[in-house]
> 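Let me give you the structure first, and then I'll get to my questions.
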Amino acid sequence: MRKIECQPNLTERFETRRRFLAKMGKSAFLASLGIFGAGCEAVDRGLLDRGLMPVVLEDPQAAGLPKPDMLVHTEQPFNGEFVPHLLNDDVTPTERHFVRNNSGIPERAVRQDPHGWKLVIEGEVHKKLALSMDDLDRFPQVTMEVVLECAGNGRSLFVPEVSGTPWQRGAVACSEWTGVRLRDVLKAAGLKPSAVYTGNYGEDVPNDGSEPFSRGIPIEKAMDEHTLIALKMNGEVLPAAHGFPARLIVPGWIGSAMQKWLNRIWVRDRVHDSEKMSGYSYRIPAYPTAPGDKPPVADMRIATAWQVKSLITQPQASLEFNVGDAIKIRGHAWAGENQINKVLISTDFGLQWQETQLIQPSNKYAWYHWETELALANRGYYEIWARAYDDTGAAQPFSQPWNPKGYLGNVIHRIPISVVA
Ligand SMILES: Nc1nc2c(c(=O)[nH]1)N[C@H]1C(S)=C(S)[C@@H](COP(=O)(O)O)O[C@H]1N2
Ligand SMILES: [Mo]
């Protein structure tokens with residue numbers, strides 16, 4: 001089994017894996033983790049240097065998935081989110097953080113074993129680094145609450161329908177992340193003047209031989225003091241599903257910039273040109289497009305920061321109230337690189353708006369909270385609409401602007417309720 005799991009040849013590894021998975025049921029597989037965990041360790045130590053490929057599992061249960069009450073879109077790769085009223089916490093607990101995977105989860109992450117793991121920094125640097133967890137622990141540690149939102153969150157609201165995971169509103173969370181500043185690590189490697197972009201890689205190398213998920217960020221964002229190599233989530237070592245042992249946190253930007261299971265940063269002398277940086281992947285048209293229109297690839301631009309957005313987390317959709325009841329309304333708001341100015345709500349389809357109380361975030365890049373209370377004087381069907389405004393004057397649209405892959409959706413959130421006499 002050790003030989004199978006540490007197979008250096010990619011093609012052969014896939015064949016043996018298929019046999020391996022066919023032979024073993026889920027529970028037998030889980031039981032075996034401890035056994036080959038010990039066996040692989042010595043081999044793992046030289047993993048990167050000798051060019052061996054990490055092993056990726058396609059068994060979400062091994063990584064504790066799905067989480068309770070999760071709305072699961074796909075099991076392989078695993079993608080799941082939560083309905084808005086389950087996201088009411090100020091700081092999202094790990095059990096309520098959505099999971100978005102492009103392929104399987106590395107076996108190392110499931111074993112929670114950092115032995116042999118190295119983060120390689122190479123490319124346009126003076127000194128190539130291969131940092132162990134102990135090396136990273138020696139850099140200053142930073143803790144921040146950061147909104148992490150998939151670029152495709154809200155995709156299911158696009159009309160006409162677009163391809164991709166049909167996220168509703170829950171592919172967003174704001175957890176607390178602890179780690180080291182990416183810029184401290186890049187400084188240790190010494191950036192050459194030719195450095196313009198990072199190319200980020202992780203251990204989740206797909207089983208079908210397709211190009212591994214890899215995205216990058218401009219050097220300016222990489223050198224921003226808030227961009228982290230996170231080692232902890234909500235005070236605990238990173239869970240398997242969220243990138244153990246290290247992931248990027250690129251505050252304000254789309255989730256795909258936040259590489260999980262990070263093991264290599266290739267500093268580049270040009271904009272990173274991997275598959276997930278090209279074509280229609282994580283790219284949006286340079287100009288507004290008619291619904292259903294697909295502009296030429298040359299007119300597509302890399303999606304970066306999120307735009308102004310809000311979520312109603314209370315009340316739960318479709319609740320029934322009595323006339324005159326005090327109805328507590330609450331939620332979050334965030335705006336990528338910008339700050340929130342106000343969140344207004346309406347209960348009459350946008351004819352009249354009222355202010356809510358805005359609660360400042362604990363740090364830049366965490367989400368704001370907002371709340372208010374109201375009573376409805378007549379029975380009937382109502383929708384609570386929330387609309388956030390940022391400090392640039394931008395506000396959420398009433399109707400979702402369209403793009404070919406359904407990215408950066410920020411149409412106002414509406415919660416239906418009914419009031420009975
Ligand atoms: N290595 C790796 N990193 C990745 C991904 C991935 O599939 N592989 N998915 C990205 C995308 S598209 C998103 S939205 C976030 C999701 O982070 P989460 O699963 O911790 O919520 O991780 C990003 N980092
Ligand atoms: Mo994403």
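Both ligands and their constituent atoms are indexed starting at 1 by order of listing.
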> Every pair of nitrogen or oxygen atoms between ligand 1 and the protein that is under 3.5 angstrom apart - can you list them with their distances to 0.1 Å?
from: ligand 1; atom 1: 1 (N); to: Asp204; atom 2: OD1; distance (Å): 2.9
from: ligand 1; atom 1: 1 (N); to: Asp204; atom 2: OD2; distance (Å): 3.2
from: ligand 1; atom 1: 1 (N); to: Gln259; atom 2: NE2; distance (Å): 3.0
from: ligand 1; atom 1: 1 (N); to: Lys260; atom 2: O; distance (Å): 2.9
from: ligand 1; atom 1: 3 (N); to: Lys260; atom 2: N; distance (Å): 2.8
from: ligand 1; atom 1: 7 (O); to: Asn102; atom 2: N; distance (Å): 2.8
from: ligand 1; atom 1: 7 (O); to: Asn102; atom 2: ND2; distance (Å): 2.8
from: ligand 1; atom 1: 8 (N); to: Asp204; atom 2: OD2; distance (Å): 2.6
from: ligand 1; atom 1: 9 (N); to: Arg100; atom 2: O; distance (Å): 3.4
from: ligand 1; atom 1: 9 (N); to: Asn102; atom 2: ND2; distance (Å): 3.4
from: ligand 1; atom 1: 17 (O); to: Arg247; atom 2: NH2; distance (Å): 3.0
from: ligand 1; atom 1: 19 (O); to: Arg100; atom 2: N; distance (Å): 3.0
from: ligand 1; atom 1: 19 (O); to: Lys260; atom 2: NZ; distance (Å): 2.5
from: ligand 1; atom 1: 20 (O); to: His242; atom 2: ND1; distance (Å): 2.7
from: ligand 1; atom 1: 20 (O); to: Arg247; atom 2: NH1; distance (Å): 2.7
from: ligand 1; atom 1: 21 (O); to: His97; atom 2: ND1; distance (Å): 3.3
from: ligand 1; atom 1: 21 (O); to: Phe98; atom 2: O; distance (Å): 2.8
from: ligand 1; atom 1: 22 (O); to: Arg247; atom 2: NH2; distance (Å): 3.3
from: ligand 1; atom 1: 24 (N); to: Met258; atom 2: O; distance (Å): 3.1

> Is the charged tip of Lys342 near the ring of Tyr389: under 6.0 Å from the six-membered ring centre and within 45° of its axis?
yes

> Is Arg268 positioned over the aromatic face of Tyr197, cation under 6.0 angstrom from the ring centre and no more than 45 degrees off axis?
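Checked: cation-pi criterion not met.
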
> Taking only residues at least two apart or on different chains, which pairs with a member in residues 238-268 satisfy ring-ring contact (aromatic ring centres under 6.0 Å, His included)?
His97-His242

> Restricting to ring-ring contact (aromatic ring centres under 6.0 Å, His included), what partner residues turn up for His85, sequence neighbours left out?
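ring-ring contact (aromatic ring centres under 6.0 Å, His included) list for His85, sorted by chain: empty.
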
> Test of understanding: with side chain to side chain contact (heavy atoms under 4.5 Å, CB included), list the residues that count as partners of Phe349, not counting sequence neighbours.
Tyr381, Glu383, Trp385

> Looking at Tyr280, I'd like to know if the NZ or CZ of Lys294 sits under 6.0 Å from its six-membered ring centre while staying within 45 degrees of the ring's axis.
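Yes, Lys294 lies over the aromatic ring of Tyr280.
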
